[in-house]
Chemist: 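Handing you this structure, nothing more for now.
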Amino acid sequence: MEDLKQIHGQMYKLGLYCDSFCVSNLLATCAISNWGNMDYASLVFSQIDDPGTFEFNTMIRGHSKDSDFESALKLYDEMLERGNSPDNFTYPFVFKACAGLGLMKLGRSIHGQVCKFGFSDDLFVQNSLINMYGKCGNIVDSCAVFKGMEQKSVATWSALVAAHANLGMWWECLEIFGDMMEMGSWRAEESILVGVISACTHLGALDLGTSIHGYLMRNLSGLNVVVETSLIDMYIKCGSMQKGLGLFDKMKAKNRLSYSVMISGLAMHGHGHEALLLFSEMLDQGIEPDDVVYLGVLSACRHAGLAEEGLELFEKLRHENKIQPTVQHYGCILDLLGRAAMFDEAFDLIEKMSMPPNEVVWRSLLSAARIHCNLEVGDKVAKILMQLGSDNAGDYVMMSNLYARAQKWTDAASVRSMVSNRGLDQAAGLSLVEVKRKMYRFVSQDRSRSNWEEIYEMIRQMEWQLKFEGYVADTSEVLHNVDEEEKKQRLRYHSQKLALAFALLLTPEHTTIRIDYCIGPWSAKAANFQHLQYEVGPE
DNA sequence: ATAGGGTTAG
């Protein structure tokens with residue numbers, strides 16, 4: 001920076017200041033390189049009498065790079081007002097600014113200008129458009145830009161994958177990745193693979209994820225922290241704790257995110273104590289925990305039943321680290337209290353919450369009431385949930401189970417009749433299974449695959465075998481407001497069974513089959529996913 | 001004359 005000032009001064013003395021080429025380069029160095037900063041660039045910019053397109057582009061780029069998107073857009077306006085015509089270099093930075101601020105409408109109108117000025121066939125402009133629409137959640141226009149492109153680069157594919165990942169459209173991410181490989185137009189790039197790895201994580205595509213890992217190891221000399229962390233997360237969430245832990249231990253540059261992934265991973269797998277140990281290791285390293293890390297540690301306490309430790313950490317979170325607890329933190333700690341049957345403490349805490357308690361909070365208490373067979377709490381919470389207008393069939397299952405356990409048959413029956421009166425149904429589930437690195441999905445009663453008859457026949461065979469082993473179908477947890485026979489049918493061709501039968505048909509003996517089951521609006525945000533993993537085999 | 005787009009958890 002000092003050197004830059006010197007050069008600036010020298011240029012002034014030598015009269016080079018009239019040489020706009022020199023000044024432009026000075027400006028670019030200030031704005032973009034690591035040696036300068038935007039304050040100084042603005043100073044230089046203000047000394048230029050008649051800034052041209054290049055100077056404006058440089059300034060817009062610099063602001064975008066600094067995430068100062070407002071200033072970037074202000075300069076773009078100023079540029080137009082002063083009659084400077086933007087070029088194909090201008091727009092990628094302008095769209096980055098729109099994306100950063102989530103200004104879809106503005107982005108769209110600038111897109112219109114781009115078409116008018118004739119820059120809409122520039123590869124870089126198009127890529128930044130895909131990204132802008134994607135960040136704004138407008139997947140339709142992202143795809144439209146993609147479809148209209150004559151030539152594509154790795155960044156094009158990468159932006160499209162990221163756009164779908166942003167909306168939790170993991171299935172589509174893998175489809176796009178498949179298309180890209182078919183085109184054969186790709187090389188070793190970490191960036192696109194990060195999006196794909198993330199899709200593998202969410203879909204439970206362990207084999208595909210593992211082969212991507214192998215590909216990266218063969219083609220790159222080393223992985224960066226981002227890719228490494230997403231691989232660890234992938235292994236853990238796909239059930240392979242050992243591989244995740246192995247990668248983590250060998251990592252050279254662990255950051256907060258790596259610790260965060262590993263801590264919540266350990267918690268998820270029921271290793272609560274190990275998660276807490278890792279948390280203190282992280283603190284020893286001088287890494288400050290954030291709200292997500294705390295969520296991981298609290299859930300570790302929850303899984304390990306460490307009520308005291310959980311409450312202590314909750315205090316620490318608020319007072320030592322000055323973190324404002326979110327509703328998820330409360331949900332976690334309430335679940336912890338509920339499991340420990342500390343219902344008085346739980347209700348006290350709810351009173352003190354800084355936001356109105358949501359359905360999830362009450363639901364965790366209802367579940368605890370069921371576990372401890374506490375009718376008083378169950379009744380109270382059930383009433384509140386109904387007042388909130390819960391339309392979650394699972395709540396009613398829990399309520400009727402609680403009543404049934406307490407042998408209050410009339411109450412149990414009345415809850416069940418409420419379900420039919422309200423026309424509630426259990427959310428449709430979706431099962432995913434990976435066969436030979438390809439994902440397949442099934443819904444209940446699915447007949448969309450060409451070999452569905454074979455699959456159904458397989459299920460009948462499985463049933464014979466199960467019957468032989470003495471298995472009887474349990475319909476008690478099914479809350480469809482349909483008769484027993486229909487319930488049996490639904491269970492019989494449940495999506496998980498279909499996925500399992502399908503995989504059994506296509507894999508050799510002793511193959512491990514993993515089935516991922518999601519409930520809810522599965523094309524929406526990932527937060528709505530509920531993953532239940534099953535492993536079958538190798539036995 | 002000078003230059004550019006895509007990146008991880010909850």
Chemist: Looking at every strand, decide which applies to A:Val194 at a 4.0 Å heavy-atom threshold: base, sugar-phosphate, or nothing.
Modeler: sugar-phosphate
Chemist: Using a 4.0 Å heavy-atom cut-off across all strands, classify A:Thr156 as base, sugar-phosphate, or nothing.
Modeler: base
Chemist: Round to the nearest Å and state the distance from A:Lys96 atom NZ to B:dA3 atom C1'.
Modeler: 15 Å
Chemist: Could you give the CD1-to-P distance, from A:Ile236 to B:dG10, as a whole number of Å?
Modeler: 11 Å
Chemist: When the ring planes of A:Tyr91 and A:Phe119 are compared, do they come out parallel, tilted or perpendicular, using 30° and 60° as the limits?
Modeler: tilted
Chemist: Give a yes or no on whether the backbone of A:Gly52 and the side-chain of A:Glu55 come within a donor-acceptor separation of less than 3.5 Å.
Modeler: yes
Chemist: Could you tell me the separation between the CG atom of A:Asn255 and the C1' atom of B:dT8, rounded to a whole number of Å?
Modeler: 9 Å
Chemist: Go through B:dT7, B:dA9, B:dT2 for me and flag the one nearest to the A:Ala162 side chain.
Modeler: B:dT7
Chemist: Is there a residue in residues 243-252 of chain A whose heavy atoms reach under 4.0 Å of DNA chain B, and which residues are they?
Modeler: none
Chemist: How is A:Leu123 classified with respect to the nucleic acid when contacts are heavy atoms under 4.0 Å: base, sugar-phosphate, or nothing?
Modeler: base
Chemist: Residues two or more places apart in sequence or in another chain: which of them pass side-chain contact (heavy atoms from CB on, under 4.5 Å) with A:Ala72?
Modeler: A:Ile60, A:His63, A:Ser64, A:Ala97
Chemist: Examine distances only and state if a side-chain atom of A:Glu345 and a backbone atom of A:Leu337 form a donor-acceptor pair shorter than 3.5 Å.
Modeler: no
Chemist: Any N or O donor-acceptor pair linking the side chain of A:Asn57 to the base of B:dA3 at under 3.5 Å?
Modeler: yes
Chemist: From B:dG4, B:dG6, B:dT8, pick the nucleotide closest to the side chain of A:Phe124?
Modeler: B:dG4
Chemist: Look at all strands and tell whether A:Ser158 reaches a base, only sugar-phosphate, or nothing, counting heavy atoms closer than 4.0 Å.
Modeler: base
Chemist: Nearest heavy-atom pair of A:Ala267 and A:Ala275: which atoms, and what distance?
Modeler: N-CB, 4.2 Å
Chemist: Think A:Arg61 has a side-chain N or O under 4.0 angstrom from the OP1 or OP2 of B:dA3?
Modeler: no
Chemist: Reckon A:Asp290 touches a base, only the sugar-phosphate, or nothing at all at heavy-atom distances under 4.0 Å?
Modeler: base
Chemist: Rounded to the Å, how far apart are A:Phe177 CZ and B:dT7 C1'?
Modeler: 15 Å
Chemist: If we ignore hydrogens and angles and just use 3.5 Å, is the side chain of A:Asp141 paired with the main-chain N or O of A:Ala144 as donor and acceptor?
Modeler: no
Chemist: Holding to side-chain contact (heavy atoms from CB on, under 4.5 Å), I want the full list of residues that pass it with A:Cys332, two or more places apart in sequence or in another chain.
Modeler: A:Leu298, A:Ser299, A:Arg302
Chemist: Under a 4.0 Å heavy-atom cut-off, which of residues 67-91 of chain A touch DNA chain B?
Modeler: A:Asp87, A:Asn88, A:Phe89
Chemist: Does any N or O in the side chain of A:Arg318 come within less than 3.5 Å of the main-chain N or O of A:Pro325, such that one atom is a donor and the other an acceptor?
Modeler: no
Chemist: Whole angstroms only, please: what is the CD1-C1' distance between A:Ile48 and B:dT2?
Modeler: 13 Å
Chemist: What contact category does A:Lys135 fall into here, base, sugar-phosphate, or nothing, at under 4.0 angstrom with non-hydrogen atoms?
Modeler: sugar-phosphate
Chemist: Just the rounded figure in Å: distance from C1' of B:dT8 to OH of A:Tyr235.
Modeler: 16 Å
Chemist: A:Pro92 side chain: which of B:dG4, B:dA9, B:dT8 is closest?
Modeler: B:dG4
Chemist: Tell me: CG of A:Asn224 to P of B:dG6, nearest whole Å?
Modeler: 16 Å
Chemist: At 4.0 Å (heavy atoms only), tell me whether A:Ser198 reaches a base, stays on the sugar-phosphate, or touches nothing.
Modeler: sugar-phosphate
Chemist: For A:His213, give me all partners under ring pair (Phe, Tyr, Trp, His ring centres under 6.0 Å), at least two apart in sequence or on another chain.
Modeler: A:Tyr235
Chemist: May I have all residue pairs that pass ring-ring contact (aromatic ring centres under 6.0 Å, His included) and include part of residues 282-304 of chain A, sequence neighbours excluded?
Modeler: A:Phe279-A:Tyr294
Chemist: From CD1 of A:Ile263 over to P of B:dA9, roughly how many Å is that when rounded to an integer?
Modeler: 17 Å
Chemist: Classify the side chain of A:Asp122 versus the base of B:dG4 as yes if they form a donor-acceptor pair under 3.5 Å and no if they do not.
Modeler: yes
Chemist: Compare the minimum distances between each of B:dG6, B:dA9, B:dT7 and the side chain of A:Val154, then state the nucleotide with the smallest one.
Modeler: B:dG6
Chemist: Using the side-chain hydrogen bond (donor to acceptor under 3.5 Å, both in side chains) rule, take A:Ser258 and A:Asn255 through it: C-alpha gap first, then chi angles, then the decisive distance, then the call.
Modeler: CA-CA 5 Å; A:Ser258 331; A:Asn255 61 14; 2.7 Å; yes
